[in-house]
Amino acid sequence: MPTAPEQLKNELYSSLFLATKRLRRDPGFFCCMFTGFQCIINDCMNIQNEKLNRILKAAVLAVIVVIISWPVLFMDLAKGHDLLFHLERIEGIRMDASWTNLPVRMQSGWMGDYGYPVSILYGDLFLYIGAVFRKLGFAVIPAFRLFMLCVNTATVVISYYSFKVFNKGWTPVIAAGVYATSSYRLVDVYVRSAIGETLAITFFPAVAACIYLILTTEDARQRLKYSILLSFSFLAVICSHTLTTSMMIVVLILFGPAALILFGIKGKKIRQMGNIAFSGVLTVLLAAFFIIPFLDFYLFADIAFALKGKNSIQGEGPSVADLFDFICNPFGGISGGNIQRTPGPVLMFVLIAALIYCIISAVKKIKLANHRRIVFETVASLILIFMSSAYFPWNFIEDNVPVLGGILTAIEFPMRYLAFAIVFMSLLTGDMINGIYILISENRPAAVKTGTAICTAIIGILCVLSVIQVCYWSTLYDKRADYETPEDLGEWCYYAMDFRLENTTVDDLPKGLVYENLVNMEVLSRNSNDFLIACTSGPDYGWIQLPVFNYKYYHATDVEDTSREFEIHDGGNRTVGVLLPGNYSGIVHVFWREPVSWRIAEAVSLVTFIGCVIFLIINRKKEVKERS
């Protein structure tokens, strides 16, 4: 007769085998499969075998990864709005990356090889994973599928361990599942293909967990550890999406002081503020390799940023109807063909339940466990949803707040604040589930198992239905991602207006060199942004115009005498023009090279990172020694 844990293990293996066979034939079987897993979860809550519990949690998390990755694992991929742009970014890294050119800065393949500073102005650290898959021989879309599988896995794992800081048991598993399957995130991944924002969303729970640990930890050494981990989390967001980073700063300013007052330890709040400030300084040092080049080009490179000027973003925000638009075509919802713009059914229902609870608790003084956290998360979620909506006065702010108004409204779409809302709402989901579970356990213990089964089954089915909806409409979407080779990506002009030079056009760009007053000229080679040109100039001067945009830091030297530099000027359409002296004969080396200040910034980031890792290793050894 098998023991209870052995019987449960057998049930799990049997369920996994049957589900795998059925799922490949029928995606609609999602609901049945996930409901089965909810039953297993319910049984697990009564099992004391910690090792088996860990195995089962890992199995359920793996199932969540498979479910949210279904379109990239088993379906013909739809061409999301920004997919081509991010494929081009990955391909640009693959093309230009070498042991002598890391990190890639000026991508050469864009706009018919005219070059584009997308890696300078848009963090792409994690896109190197996709570039590695391409280097390993995978075609464009298969490499992207593997990359997105990594992103989805990281989202589930990071959110689980982050939510584990707030609640124990199986609650973090449920919260991680709700977070990963939130409608806003699914639309980000498969409809908008906003990969930068999707990557940032991966690390938001880690930011929340680290801040909470700093605010609730007595030991100074432990707070220092969490400060370093917080800086790593900030770094990950910075290296994912620039706009989201600016929004994260706004969210921290809005809710950071309230979190310090509510959750900070009495008598240690000044020190905890110091820990968070230290994380900020450490983040700047860790991210110096990106921040210094970014600021250099943002401030001094004469770039015509697409989001400069009047944005009038308020009308782009979702309405109340949009926020409850759960059953729809995510590629085009009910508001004039807009995409689905909602956190998702589970998160919205939990928010309504939490709001009702807050009102009741204020009247009848009934309090669940973690009452203060529930109230904070409810208020934060409501504020962020309001900020994301068409009702928040974004246009007024832009028109009446000098400088800052333009910065705050340069986010293109207000709904981006839903990315932060779903973090608070997922935390709220975990706290509400845990609070209600404790309340029922204390007052009606016999109803715990039934209540848990109903609750987890409803949450699981709603989460899976959100994924099924995306899968279904994805098959009907008329644009397909059928890219296999770099040539399939076209001229790489997608979003080429975002970071172009002022007074340039990206349409009908001519190929080949333009030259003047040269006796002879031959292009010996071109490798990325590196040209070797053999030429002889006339008696007065020589002029060579290359088919490359003249962004900062292009140089031209003589191959034999590298100390001899030639003047670089704007050619037609602001391309690179090289002015040669009269009667010059030799080989001209034209190349793009980052300045010394950037290299120093990279060294600072590397040294800071190594120092942080060494501290964490030493601290870990001390913790192990103290436990033993």
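- I587 has its side chain out of reach of H589: every pair of non-hydrogen atoms, C-beta onward, lies at least 4.5 Å apart.
- How far CD1 of I238 is from OG of S231: 9.5 Å, rounded to the nearest 0.5 Å.
- Between the side chain of E197 and the main chain of T244, no donor-acceptor pair closer than 3.5 Å is present.
- For the residue pair P318 and M415, the shortest heavy atom distance occurs at CD-CB, 4.0 Å.
- For the pair R185 (side chain) and A180 (backbone), a donor-acceptor distance under 3.5 Å is present.
- In this structure, E565 contributes its side chain and T557 its backbone to no donor-acceptor pair below 3.5 Å.
- Note that the CD atom of E412 and the CG atom of L243 stand 7.5 Å from one another [nearest 0.5 Å].
- For F396, the CZ atom sits in a loose shell: 12 or fewer heavy atoms of surrounding residues, nucleotides or ligands are nearer than 6.0 Å.
- N101 and D96 share no side-chain donor-acceptor pair at under 3.5 Å.
- Closest of all the heavy-atom pairs between F591 and D530 is CB-OD2, 3.7 Å.
- A donor-acceptor pair shorter than 3.5 Å can be found between the side chains of T202 and T155.
- Residues P117 and Y122 have side chains not in contact (no heavy-atom distance under 4.5 Å, counting atoms from C-beta outward).
- The shortest distance between side-chain heavy atoms of T536 and L518 does not fall below 4.5 Å.
- In this structure, the separation between CG on L323 and CD1 on I385 is 6.0 Å, given to the nearest 0.5 Å.
- With S605 contributing its side chain and F289 its backbone, the two residues share a donor-acceptor pair below 3.5 Å.
- Interatomic distance, H569 NE2 to T575 OG1, rounded to the nearest 0.5 Å: 13.0 Å.
- The two residues G586 and D558 make their nearest non-hydrogen contact at CA-OD1, 4.5 Å.
- Listed for the S528 side chain is no donor-acceptor partner under 3.5 Å among the backbone atoms of S108.
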Test side-chain contact (heavy atoms from CB on, under 4.5 Å) applied to H81 and V191, step by step: CA-CA 6 Å; H81 300 176; V191 178; 4.0 Å; yes
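- A 4.5 Å side-chain heavy-atom check between I195 and M148 finds at least one atom pair inside the cut-off.
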Stepwise side-chain contact (heavy atoms from CB on, under 4.5 Å) check, V588 with C535: CA-CA 7 Å; V588 179; C535 61; 3.8 Å; yes
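- Between the side chain of R500 and the backbone N or O of A304, no donor-acceptor pair lies under 3.5 Å.
- A donor-acceptor pair under 3.5 Å is absent between the side-chain atoms of Y551 and the main chain of A301, judged by distance alone.
- Ring geometry, Y417 versus F420: the interplanar angle falls from 30° to 60°, so the pair is classed tilted.
- For the atom pair CD1 of I120 and CE of M106, the computed distance is 4.5 Å after rounding to the nearest 0.5 Å.
- Taking a 6.0 Å sphere around CG of D302, one finds it holds more than 12 heavy atoms contributed by other residues, nucleotides or ligands.
- Side-chain atoms of S183 and S466, non-hydrogen and from C-beta on, do get closer than 4.5 Å to each other.
- Once rounded to the nearest 0.5 Å, the distance linking CD1 of I158 with CZ of F203 reads 4.5 Å.
- In this structure, K479 places its NZ atom where only 12 or fewer heavy-atom neighbours from other residues, nucleotides or ligands lie under 6.0 Å away.
- Taking the six-membered ring where tryptophan is involved, the planes of Y553 and F297 are tilted, since the angle between them lies from 30° to 60°.
- Between Y190 and F331, the ring center distance fails the sub-6.0 Å criterion.
- Taking both residues in full, the closest heavy atoms of N573 and T504 are given as OD1-CA, 3.2 Å, listed atom of the first, atom of the second, then distance.
- Note: W592 and W598 have tilted aromatic rings, judged against thresholds of 30 and 60 degrees for the angle between ring planes.
- Remark: Y584 OH is packed, more than 12 non-hydrogen atoms of other residues, nucleotides or ligands lying under 6.0 Å away.
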Residues I397, L404; criterion side-chain contact (heavy atoms from CB on, under 4.5 Å); working and verdict: CA-CA 9 Å; I397 291 171; L404 191 59; over 6 Å; no
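- No side-chain heavy atom of V118 sits under 4.5 Å from any side-chain heavy atom of E88.
- V506 is not listed as a side-chain neighbour of Y114, based on a closest heavy-atom distance of 4.5 Å or more.
- The minimum heavy-atom distance between R416 and I411, with the atom names listed, is NE-O, 2.6 Å.
- By the 4.5 Å heavy-atom criterion applied to side chains, D488 and V140 are not counted as neighbours.
- Proximity of a side-chain donor or acceptor of Q314 to a complementary backbone N or O of W394 within less than 3.5 Å is detected.
- Formation of a donor-acceptor pair under 3.5 Å by the Q340 side chain with backbone atoms of C328 is not found in this model.
- Of all heavy-atom pairs spanning E91 and P486, the tightest one is OE2-CG, 3.1 Å.
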Test log, rule side-chain contact (heavy atoms from CB on, under 4.5 Å), inputs V72 and L77: CA-CA 6 Å; V72 293; L77 205 59; 3.8 Å; yes
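- Remark: the backbone N or O of E316 is paired with a side-chain donor or acceptor of R341 at under 3.5 angstrom.
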